[in-house]
Amino acid sequence: MHRRLIAPGALAASLLLAIPASAASYTPGAPGIGDPYYPAYGNGGYDVSHYDLRLTYQPRTDELEGTATLLATTTQDLSRFDLDFLLDVSEVRVNGAKASFGTSGEHELEITPAKPLAKGTPITVVVRYSGVPSTKSAYGFSTWHRTPDGAVAADEPESAWWWYPSNDHPLDKATYDVSVAVPDGTQAISNGTLQSSSSRLGWTRYNWRSNKPQATYLTTLAVGKFDITTGTSDGGVPVVNAYSKDLGDNDGAARASVERTGELVDWLSGYFGPYPFSSAGGYVPNTTTGYALETQTRVYYSPRQFANGSNTSVVVHELAHQWYGDDVSLKGWKDIWINEGFARYAQWLWSEHEGEGTAQELADYTYASHPADDAFWTVAPGDPGAENQFDTAVYDRGALAVQALRNEVGDDAFFAILKGWPKEHAYGNASVDDFRTFAERVSGRSLAALFDTWLFQPSKPAAPSARGAGPAKSAETAARGSVPRPRSWKKIAATDTVHASTARGR
């Protein structure tokens, strides 16, 4: 027998050869997806394709128990990854094997799988959890809203942390199955279509499905005692609406507004193209919040939206988001103009339809209402900053930019852009730059200067001199103080803070 002698250096080399060359590349996924407005929101290292949420909720105590199953694919060689979540976790499994976990930061659930995961690996993540959502907060706020008979999860730019673990950023859209058990006599409402419901031992389970990609902030959960109405629009879109049974004096106005959802979806389809989802509708819970939110297929409305009577304008705004914001979602939160500018412009189009002021008249009045030294003009809708993301200027100056585009390219090209955009980026994500590029392609015009002037310059644009359009007239007549206020202005202005959360003071 001959013993082979190996020099220390050769031994080290042989050991390195025994380790896969890629092992050194396994690194933790980033604790944020890379959005400069919200650096800790979302996560890196994987992409979710589907969420399966099986929940049990007790309204009396606000106790929530759940098992979340996430189907995802790794986008890097991954040693560890995060989910955004606040409740108490009892177990995590990755591809069937128990994983270790811990928490960090304000809302990070750190998961270390039993074995590192190579890039491109399909993964199944199971998280078992429980807690009382109303006792949890992050950054000093909560987006979980208790009601007299239940609770609501609906907020922007975040709400998922309080009820399920997620990759919480619009860039990572996914499909959903949401199954919720609640005490008999109580309903659970979520996005999409109700697949089934069944009762057993004093509990009723509702199974909802969203079969088109959906951003996490557009998911919603409402538990309470509702009056639920169903129907189908003339265009064939199923409609599900729900109203808390204790809305009081706001009940009639809420129903008179939200029950027109089917009609308004069909009307908006004429401008934006076919409705992109399997159902439409809205719900009005008994909350004290003051905002509405375009939660996908099932819009959230605060009763306060109807305190002064019916308001179809706010319904138009939120339904317009189903195309501009939900179907085509923003790439980063700085792209909020594509959501809010066009939803506000839809209200202007509705005003014109109702004979209460044309889009041009509303543009003239908006332009004239803000003198050059008004702080309104210092907010750039194309990149307003996180602190101004829901500023009135993003809505009103944003709609002015849309009208300026219309006047620049003409109606034929404009309405082709309006309808073509949701088709071009269906169920995906896009930026303001992407929109400008698309508008230039459709119109055959260079639009860089127009977009810079109306969306990015921190000053009041000069009245355009071409095409007898834009707020040119308003610049001239404003000096005489003679720009008439359109009849629709009051109702439109009432929706200026539709996304201004009282919970966060936005």
Side chain to side chain contact (heavy atoms under 4.5 Å, CB included) partner of Y51, chosen from T219, T216, L71: T216
Among F85, W162, Y41, the one residue meeting side chain to side chain contact (heavy atoms under 4.5 Å, CB included) with H107: Y41
Between D35 and K331, is there a salt bridge with N-O shorter than 4.0 Å? no
I'd like to know if R344 pairs up with E340 as an ion pair, taking the criterion as any Lys NZ or Arg NE/NH1/NH2 lying under 4.0 Å from an Asp or Glu carboxylate oxygen. no
Please examine the side chains of [Y] and [X], heavy atoms only from C-beta on, and report whether any two atoms are closer than 4.5 Å.
X: T56; Y: L64; answer: no
X: E108; Y: L83; answer: no
X: L53; Y: W208; answer: no
X: I189; Y: L221; answer: no
X: P157; Y: Y217; answer: no
X: P238; Y: S278; answer: no
X: S244; Y: P285; answer: yes

Please report the shortest heavy-atom distance between T204 and S199, naming the atom on each side. OG1-OG, 2.8 Å
Any sub-3.5 Å donor-acceptor pair from [X]'s side-chain atoms to [Y]'s backbone N or O?
X: N191; Y: Q296; result: yes
X: N429; Y: L330; result: yes
X: E294; Y: Q322; result: no
X: Y324; Y: L418; result: yes

Determine, using ring centers only, whether F414 and Y345 are less than 6.0 Å apart. yes
Just checking, any donor-acceptor pair under 3.5 angstrom between side chains of [X] and [Y]?
X: Q347; Y: T495; result: yes
X: D62; Y: S134; result: yes
X: T437; Y: D434; result: no
X: Y283; Y: T220; result: yes
X: T147; Y: T287; result: no
X: D177; Y: H50; result: yes

Quick one: do Y243 and E259 satisfy side chain to side chain donor-acceptor pair (under 3.5 Å)? Show the steps, please. CA-CA 10 Å; Y243 309 88; E259 284 300 298; 2.5 Å; yes
Stepwise side chain to side chain contact (heavy atoms under 4.5 Å, CB included) test for F141 and T143: CA-CA 7 Å; F141 65 84; T143 67; 3.8 Å; yes
Take W421 and W323 through the ring-ring contact (aromatic ring centres under 6.0 Å, His included) test and state the conclusion after the steps. CA-CA 9 Å; W421 175 253; W323 288 264; over 10 Å; no
Before giving the answer on side chain to side chain donor-acceptor pair (under 3.5 Å), spell out for S190 and R209 the whole-Å C-alpha distance, their side-chain angles and the decisive distance to 0.1 Å. CA-CA 8 Å; S190 192; R209 171 168 291 173; over 6 Å; no
Should N167 and I33 be marked as a side chain to side chain contact (heavy atoms under 4.5 Å, CB included) after you check the CA-CA gap, both sets of side-chain angles, and the distance that decides it? CA-CA 8 Å; N167 192 15; I33 210 166; 4.2 Å; yes
Is it possible for you to check whether K212 lies under 6.0 Å from the centre of the six-membered ring of F277, through NZ or CZ, and within 45° of that ring's axis? no
Counting only heavy atoms not in [X], do more than 12 sit closer than 6.0 Å to its [atom1] atom?
X: D184; atom1: CG; value: yes
X: R128; atom1: CZ; value: no
X: K119; atom1: NZ; value: no

Aromatic ring pairing [X]/[Y], orientation class (parallel under 30°, perpendicular over 60°, tilted between):
X: H317; Y: H321; result: perpendicular
X: W161; Y: Y139; result: tilted
X: F415; Y: Y271; result: tilted
X: W333; Y: Y38; result: perpendicular

Step-by-step salt bridge (Lys or Arg N to Asp or Glu O under 4.0 Å) determination, E424 to R441: CA-CA 12 Å; E424 178 85 358; R441 172 157 53 88; 2.6 Å; yes
Might you work through the ring-ring contact (aromatic ring centres under 6.0 Å, His included) test for F342 and F435, ending with a clear yes or no? CA-CA 12 Å; F342 285 85; F435 185 87; 5.0 Å; yes
Any chance you could lay out the side chain to side chain contact (heavy atoms under 4.5 Å, CB included) test for R80 and I111, step after step, and finish with the verdict? CA-CA 6 Å; R80 189 185 75 221; I111 298 171; 5.7 Å; no
Could you give me the CA-CA distance, side-chain angles and deciding distance for D327 and K173, then say whether salt bridge (Lys or Arg N to Asp or Glu O under 4.0 Å) is met? CA-CA 10 Å; D327 180 9; K173 299 166 75 169; 5.6 Å; no
Between V127 and T67, is the side chain to side chain contact (heavy atoms under 4.5 Å, CB included) condition met? List the steps. CA-CA 6 Å; V127 182; T67 299; over 6 Å; no
Evaluate the side chain to side chain donor-acceptor pair (under 3.5 Å) criterion for residues Y129 and E65: first the C-alpha distance (whole Å), next the side-chain angles of each, then the deciding distance (0.1 Å), finally the verdict. CA-CA 6 Å; Y129 58 93; E65 293 183 359; over 6 Å; no
Going through the checks in order, is the side chain to side chain donor-acceptor pair (under 3.5 Å) test met by Y164 and D52? CA-CA 10 Å; Y164 70 96; D52 183 274; over 6 Å; no
Walk me through it: do Y291 and Y300 pass the test ring-ring contact (aromatic ring centres under 6.0 Å, His included)? CA-CA 8 Å; Y291 62 94; Y300 164 79; 5.5 Å; yes
